[in-house]
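Fair warning: this is a prediction, and the values are worked out from it, not measured in the lab.
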Amino acid sequence: MATSKQPTRVRFAPSPTGLTHLGSARTALYNFLLAKQTGGKFFLRIEDTDQKRYDPNAEQDLISSLKWLGLAWDEGPDVGGPHGPYYQSKRKDIYRKHAEELIEKGKAFYCFCTTEELKVVREGQQKRHEQPHYSGKCRIIPVDEAKQRAKNGESHVVRFKAPKDGSITVADKLRGAITVENSQIDDMVLLKSDGHAVYHLAAMVDDHLMEISHVLRSEEWLPSLPLHAHIYEAFGWQQPIWVHLSVFLKPSGKGKMSKRETEQMRLTGQSIFVKDFADLGYLPEGVVNWIALMGWSFDDHTEFFTMADLVEKFDIESLNPSPAAIDFKKLDHFNGLHIRALPQKELAKRLVPYFKKAGFEVDAGQLMPIIPIIQTRVTTLDEGPELAGFFFKEEIAPPVEMLVGKDMSAEQSARAVRKGVEILEVLPEFSAANAEAPMRAVAEEFGLKAGQFFGILRNAVTGQEISPPLFESMEIVGRDTVLARLKRGLDELEKISKNPEPPQTTLKK
RNA sequence: GCCCCCAUCGUCUAGAGGCCCAGGACGUGGCCCUUUCAAGGCUAAAACCGGGGUUCGAAUCCCCGUGGGGGCACCA
């Protein structure tokens with residue numbers, strides 16, 4: 001059980017280079033869950049050591065995305081904490097110090113090779129179908145000489161002195177032991193010539209300093225895990241538990257989402273960016289439930305999870321190492337589930353912005369009466385105004401063809417509606433319960449199926465062929481408005497009834 | 001080209017040698033309910049990538065193929 005576990009210290013460490021997408025969201029979620037269920041700590045660390053790729057909007061997007069999802073961090077930007085700063089760009093000195101420590105230990109070296117030089121070597125290796133590796137040229141420069149050159153201002157980087165012989169076995173929680181020949185591991189750059197650390201150094205140092213116990217990160221890091229293990233070893237530190245999460249595939253299951261496909265997707269009302277889901281009418285609860293289950297499962301029959309459920313039930317043992325295709329149909333399903341699980345007041349509150357966006361100036365209180373009849377009928381919040389906007393419209397003016405009943409003539413339709421109006425006008429109390437029976441009677445009197453007659457009423461009152469239940473809707477709209485809309489429809493019907501060439505009644509919708 | 005990872009219905013998955021002629025969920029079809037649309041209930045079709053082993057017995061273990069994914073930067 002969760003309480004028996006040691007408190008875990010985990011982190012989510014994105015680089016602010018673009019909008020936060022589903023894959024990142026899930027990584028953050030799993031980290032968050034692991035921390036919460038053990039009473040541990042969840043760190044947010046911004047990996048912004050790449051000046052060139054830095055995008056100032058990305059950080060704001062990241063923070064609002066995580067907040068929207070309900071993933072609050074214990075230490076990080078905004079909230080601070082004892083392990084700061086939480087921006088790697090502000091930890092330059094720390095990395096420099098650690099790089100020097102490695103040089104002292106003979107585990108790293110200064111490299112003065114130019115980018116052009118490196119490029120030539122690499123191209124030669126590629127031509128020979130070899131795995132591109134650093135040539136080793138600067139490895140053999142005596143340390144004192146190298147230090148002097150560096151001190152003299154010669155442009156340089158610091159590289160890791162990767163072992164050349166033997167092999168290393170690393171452990172990934174989901175995949176077990178992975179053994180790699182050391183000859184495969186390159187002398188990677190640790191410190192760039194601009195003095196900033198590269199991920200391989202910065203993340204290891206930070207994870208150690210922040211006492212991270214479990215590293216849950218994307219699978220694309222798996223190939224560099226052996227390198228990272230060597231770096232830990234070089235420092236003499238104890239490694240965290242490594243967990244590499246599978247990647248998300250595009251809906252077809254064939255490959256990762258490309259930039260172009262991502263754009264294409266947004267055109268069709270889908271997105272992989274967290275910030276878009278609110279606009280599309282999704283609940284954070286729905287999105288969280290959805291992504292939690294992409295790569296993790298609890299048991300055979302539980303699929304509805306609140307954040308609290310997930311905190312209680314999540315476990316890294318049940319993580320699935322194989323890649324998962326994104327399925328937006330499933331998101332709709334979960335979103336519907338969570339909409340239906342929302343207390344009515346809460347749903348009303350959440351619907352307000354969508355009604356406003358659709359041009360209806362309403363507040364949650366005004367929405368309350370319609371909640372019971374739309375709650376099971378919307379899968380996304382933006383469907384609210386679509387389905388129930390008519391409650392708040394001054395005028396409903398459906399085209400007259402919509403007012404002609406199925407398989408009926410305009411005259412027949414008009415007669416039935418006229419009768420309906422007469423009855424509704426004098427109903428002692430205008431309620432769904434009181435209206436339905438007499439309206440059924442009208443249908444019967446005219447030899448109509450209930451659906452035929454009700455369809456006319458629905459179209460006249462709501463202006464929609466698809467609506468919440470008719471009589472409940474009429475009750476909420478209120479007698480005066482219902483009668484006004486009905487009479488307007490009646491006028492329209494009578495107008496075309498006098499037309500010498502009435503439109504074909506079979507012409508519908 | 002080299003290295004690493006993965007492999008059950010269309011999709012997400014359960015399954016840790018006999019409980020599986022493989023279970024659940026989404027989606028799809030049908031039926032019920034029904035004034036429309038949903039929701040709900042019932043139901044159907046739908047999968048162990050291939051080949052070799054190991055074993056009395058394999059979806060489950062091993063090997064080889066194949067397929068898919070990831071990586072091979074002074075990006076993360």
message = Under 3.5 Å for both donor-acceptor distances, Watson-Crick or wobble: does B/U11 have a partner, and if so which one?
response = B/A25
note = Assert: residue with more 5' nearest nucleotide on RNA chain B, out of A/Pro251 and A/Ile466, is A/Pro251
query = Given atom NE2 of A/His301 and atom P of B/C26, what is their separation to the nearest angstrom?
reply = 14 Å
task = May I ask which nucleotide in the shown strands pairs with B/C42, Watson-Crick or G-U wobble, both distances under 3.5 Å?
result = B/G30
request  = Mind checking A/Gly336 for me? I need base, sugar-phosphate or nothing, with any heavy atom below 4.0 Å counting as a touch.
outcome  = nothing
Of A/Val180 and A/Glu130, the one whose closest RNA chain B nucleotide lies more 5' = A/Glu130
request  = State whether a side-chain donor-acceptor pair under 3.5 Å links A/Asp48 with A/Ser89.
outcome  = yes
request  = Assign A/Ser467 to base, sugar-phosphate, or nothing according to its heavy-atom contacts below 4.0 angstrom with the strands shown.
outcome  = base
message = Would the base of B/C37 count as contacting A/Arg377 through its side chain, where contact means a donor and an acceptor less than 3.5 Å apart?
response = yes
request  = Using a heavy-atom cut-off of under 4.0 Å over every strand shown, decide if A/Asp172 touches base, sugar-phosphate, or nothing.
outcome  = nothing
query = Quick check: does any side chain N or O of A/Arg26 sit under 3.5 Å from a backbone N or O of A/Ile291, one acting as donor and the other as acceptor?
reply = no
request  = Select base, sugar-phosphate, or nothing to describe what A/Pro468 touches, counting heavy atoms under 4.0 Å on all strands.
outcome  = base
request  = Using the side-chain contact (heavy atoms from CB on, under 4.5 Å) rule, pick out the option among A/Lys119, A/Lys127, A/Gln125 that qualifies with A/Glu123.
outcome  = A/Lys119
Distance, rounded to the nearest Å, where A/Lys250 contributes NZ and B/C12 contributes P = 15 Å
Distances under 3.5 Å between nitrogen or oxygen atoms of protein and nucleotides 68-75 of chain B:
unit_1 : atom_1 : unit_2   : atom_2 : d
B/G69  : OP1    : A/Gly255 : N      : 3.3
B/C74  : O2     : A/Ser193 : N      : 2.8
B/C74  : O2     : A/Ser193 : OG     : 2.8
B/C74  : N3     : A/Ser193 : OG     : 3.1
B/C74  : N4     : A/Cys113 : O      : 3.4
B/C75  : OP1    : A/Lys52  : NZ     : 3.4
B/C75  : OP2    : A/Lys192 : NZ     : 3.1
B/C75  : O2'    : A/Asp50  : OD2    : 2.7
B/C75  : O2'    : A/Arg53  : NE     : 2.9
B/C75  : O2'    : A/Arg53  : NH2    : 3.0
B/C75  : O2     : A/Arg53  : NH1    : 3.4
B/C75  : O2     : A/Arg53  : NH2    : 3.4

query = Do A/Asp299 and A/Lys313 meet the salt-bridge criterion of a basic N to acidic O distance under 4.0 Å?
reply = no
A/Arg91 (side chain) donor-acceptor with A/Pro85 (main chain) under 3.5 angstrom = yes
task = Taking the side chain as every heavy atom from C-beta outward, state whether A/Ser297 and A/Asn320 have any atom pair closer than 4.5 Å.
result = no
note = Across every strand shown, the nucleotide meeting Watson-Crick or G-U wobble geometry with B/C72 (both distances under 3.5 Å) is B/G1
Which atom pairs link the protein and nucleotides 59-64 of chain B when you take only N or O atoms and keep those under 3.5 Å?
none

ask   = Distance-only, no hydrogens or angles: does the A/Asp61 side chain make a donor-acceptor pair with backbone N or O of A/Thr20 under 3.5 Å?
value = yes
query = Looking only at atom types and distance, does a side-chain atom of A/His200 sit under 3.5 Å from a main-chain N or O of A/Val198, one as donor and one as acceptor?
reply = no
ask   = If you look at every strand shown and take non-hydrogen atoms under 4.0 Å, does A/Leu470 touch a base, only sugar-phosphate, or nothing?
value = base
Note: A/Lys92-A/Asp194 ion pair, threshold 4.0 Å (strictly below) = no
Return the polar atom pairs (N/O with N/O) between nucleotides 27-29 of chain B and the protein under 3.5 Å, or none.
none

ask   = Under 4.0 Å: is that the gap between some side-chain N or O of A/Asn320 and OP1 or OP2 of B/A7?
value = no
query = Across the strands shown, which category fits A/Arg128 at heavy-atom distances under 4.0 angstrom: base, sugar-phosphate, nothing?
reply = nothing
query = Over how many whole Å does the gap from A/Phe453 atom CZ to B/U34 atom C1' extend?
reply = 18 Å
query = Centroid-to-centroid, A/Phe334 to A/Phe305, below 6.0 Å?
reply = no
task = Counting Watson-Crick and G-U wobble pairs only, both distances under 3.5 Å, name the nucleotide matched with B/A47, or none.
result = none
message = Taking the P atom in each of B/U8 and B/G50, what is the distance between them to the nearest angstrom?
response = 11 Å
request  = Assess A/Arg415 against A/Phe446: is NZ or CZ under 6.0 Å from the centre of the six-membered ring, and within 45 degrees of the ring's axis?
outcome  = no
query = Counting distance only, does the side-chain N/O of A/Gln184 pair as donor-acceptor with the main-chain N or O of A/Glu181 below 3.5 Å?
reply = no
request  = Write down the distance between CZ (A/Phe471) and P (B/U34), rounded to a whole number of angstrom.
outcome  = 15 Å
ask   = Would you call A/Asp50 and A/Arg53 a salt bridge, taking side-chain N to carboxylate O under 4.0 Å as the test?
value = yes
request  = Ignoring hydrogens and angles, answer whether the base of B/A38 and the side-chain atoms of A/Thr376 contain a donor-acceptor pair closer than 3.5 Å.
outcome  = yes
Watson-Crick or G-U counterpart of B/C56, or none if no pair lies under 3.5 Å = B/G18
